[in-house]
Amino acid sequence: MKLAIVGGGPAGLYLSILLKRQDPSHDIAVYERNPEGSTYGWGVTYWAGLLDKLRAGDPESAEAVAEASVTWTDGVAIVRDERTVHRGDAGFGIGRRRMLALLADRAEELGVRVSFEHDVTGPDAPELADADLVVAADGVNSVLRAAHADHFGSEVTAGRNQYIWLGTTKVFDSFSFAFKETEHGWIWCYAYGFSGERSTCVVECSPETWTGLGLDTSNETDSLRLLEKLFHDLLDGHELIGREQSDGAAQWLTFRTLTTRVWHRGNVVLLGDAAHTTHYSIGAGTTLALEDALALADALRAPEALRSPAGLDAALTSYGKRRRAELVSAQSAARYSAQWYENLPRYMRLEPAQMFALLGQRHSPLLPHIPPQLYYRIDRAAGQLEALRRLKRWLGPRVARAVHGRR
């Protein structure tokens, strides 16, 4: 097959690796519009289960990613200047730039042509003309998806809160949170290490707090200095690092949740953020994109997928159906997590340890519908009684459906 993969992010590069391993005779090209080594974002997170899947897909790149990653096991939160620690499962962080370099090197080693600063402008681009399969891995702003948005059934929902993606010279050895109350409302940050020199720091707040603190009009330098003062106890005197835009503007965003009803049209198939996004607060975006690549490669493994347009259509249909089903749980968790932060003041009346416990429960469909203090007591009791745990799991989705049904 001749394959054109538009987008050199983790999903596109990893898919090229998988397909070359399946059949070295495949002619595969990856087209990335940005320069080599240029990427948005600082570090990405993942958990051990992903490494197991990557090792099964391509042991060489999996080991390279594992060796370049840092590990943490605890969660730490600073709430009203009180530090709380939560013991948890091991998590991993790796620099996004480092991950992309490792995957690009592995793809080229296998014979994939990776072209940087190569912009594919639409479905009629000459690079795609004779491709048997075109993979749209070009992100949430996918030009290939946008060309047939009605067919794909794309829907984008904007979140309420403002956020900014930053780096810092403070190296965190745990996944850390800090919540600060200002005269204009709460502002908070998530921070985690991704190398021995840098960490990611995502700052979020309501639009009222954003404008009240003047962050809507401040340039990047002034914004970073203010945020360093607000989170001084978390950063221990270390600086925050922005994206150094030429116009000096701070890159505040609102998160866009993308869903699509259909994942392919003819020989064009969606992958990763071109098909779906999940709120960054569950830390699953890269994992889900790589799992898309694994599922698509698996669908294309069937011999009939490569023999005829009908066979390819069946394989792509199977891939889309499978991944949409597998994403339901993650999309639900992301939706409730985003809503938890959008309603943060509801939980800040709790004691810090209790608030941190409910932070860990923010994916629950039951939590938004009962008083936080009552939920905390139920959750503590459920830790001792299996019957109560089952009731809690059973009740949450039903309460959520009943509430949404009345709207």
Side-chain angles (χ1 to χ4, degrees), residues 11 44-50 53 75 86 88-89 91 140 152-161 163 175 177 190 202 204 254-263 270-295 319-344 346-347 355-372 374-376 378-379 382-383 388-407:
V44 299
T45 60
Y46 65 92
W47 277 260
L50 177 66
K53 295 175 183 179
H86 174 72
D89 297 332
V140 66
F152 289 114
S154 308
E155 293 186 7
V156 177
T157 304
R160 181 174 183 270
N161 287 349
Y163 74 97
F175 202 106
F177 303 83
Y190 327 75
V202 184
E204 181 179 348
T254 55
F255 189 81
R256 291 173 295 163
T257 298
L258 167 71
T259 59
T260 49
R261 185 180 63 250
V262 178
W263 282 31
L270 306 180
L271 187 75
D273 283 359
H276 57 84
T277 61
T278 52
H279 195 261
Y280 53 82
S281 63
I282 68 168
T286 299
T287 293
L288 296 175
L290 292 171
E291 289 175 345
D292 284 354
L294 286 161
Y319 154 72
K321 182 177 180 180
R322 170 184 168 182
R323 286 304 289 153
R324 286 193 298 275
E326 291 173 342
L327 280 165
V328 168
S329 176
Q331 289 173 329
S332 174
R335 183 173 64 254
Y336 283 112
S337 181
Q339 291 172 357
W340 192 92
Y341 286 108
E342 289 176 351
N343 293 282
L344 184 78
R346 180 175 189 259
Y347 305 100
M355 177 267 170
F356 196 21
L358 294 196
L359 172 65
Q361 291 285 313
R362 65 189 183 278
H363 310 146
S364 166
L366 182 61
L367 179 55
H369 305 297
I370 63 175
L374 175 59
Y375 183 96
Y376 176 79
I378 292 173
D379 186 59
L388 190 54
R389 279 197 296 273
R390 289 198 300 268
L391 175 62
K392 183 166 160 272
R393 289 194 298 267
W394 177 88
L395 188 60
R398 287 157 180 81
V399 170
R401 282 199 296 270
V403 170
H404 289 308
R406 292 198 297 268
R407 292 177 180 172

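Given the structure is predicted, the values throughout are model-derived calculations rather than measurements.
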Heavy atoms of other groups near Glu326 CD, more than 12 under 6.0 Å:
yes

Report the distance from atom CD of Gln361 to atom OG of Ser337, rounding to the nearest 0.5 Å.
12.0 Å

Output the distance between atom CG (Leu294) and atom CG (Leu50), rounded to the nearest 0.5 Å.
8.0 Å

Could you pull out the closest heavy-atom pair between Arg346 and Pro368, with the gap in Å?
NH2-O, 3.4 Å

Tell me, with the steps shown, if Leu270 and His276 meet side-chain contact (heavy atoms from CB on, under 4.5 Å).
CA-CA 9 Å; Leu270 306 180; His276 57 84; over 6 Å; no

Relative to the ring of Tyr163, is the ring of Phe255 parallel (under 30°), tilted (30 to 60°) or perpendicular (over 60°)?
tilted

Partner set under salt bridge (Lys or Arg N to Asp or Glu O under 4.0 Å) for Lys53, not counting sequence neighbours:
Glu291

Distance, nearest 0.5 Å, that separates OG1 of Thr287 from CH2 of Trp47
7.5 Å

Student check: side-chain heavy atoms of Arg362 and Leu344 closer than 4.5 Å
no

All heavy atoms of Ala334 vs all of Thr278, minimum pair found to be CB-CB, 3.7 Å

All heavy atoms of Tyr319 vs all of Asp292, minimum pair found to be CE1-O, 3.4 Å

On a heavy-atom basis, the closest approach of Ser154 and Thr260 is OG-CG2, 3.7 Å

Examine distances only and state if a side-chain atom of Arg261 and a backbone atom of Glu155 form a donor-acceptor pair shorter than 3.5 Å.
no

Atom CD1 in Ile370, atom OH in Tyr376: separation rounded to 0.5 Å?
14.0 Å

Taking all non-hydrogen atoms of both residues into account, name the closest pair between Ala293 and Ala11 and its distance.
CB-O, 3.8 Å

Look up atom CD in Glu342 and atom OH in Tyr336, then write down how far apart they are to the nearest 0.5 Å.
13.5 Å

His363 vs Ile282, side-chain contact (heavy atoms from CB on, under 4.5 Å): CA-CA, chis, key distance, verdict
CA-CA 9 Å; His363 310 146; Ile282 68 168; 3.7 Å; yes

Quick one: do Thr45 and Phe175 satisfy side-chain contact (heavy atoms from CB on, under 4.5 Å)? Show the steps, please.
CA-CA 10 Å; Thr45 60; Phe175 202 106; 4.1 Å; yes

Atom OG1 of Thr259 and atom CG of Leu327: how far apart are they, to the nearest 0.5 Å?
11.0 Å

When Trp340, Phe356, Tyr375 are each screened for ring pair (Phe, Tyr, Trp, His ring centres under 6.0 Å) with Tyr347, the one that passes is Trp340

So, do Tyr190 and Tyr341 have ring centers that fall under 6.0 Å from each other?
yes

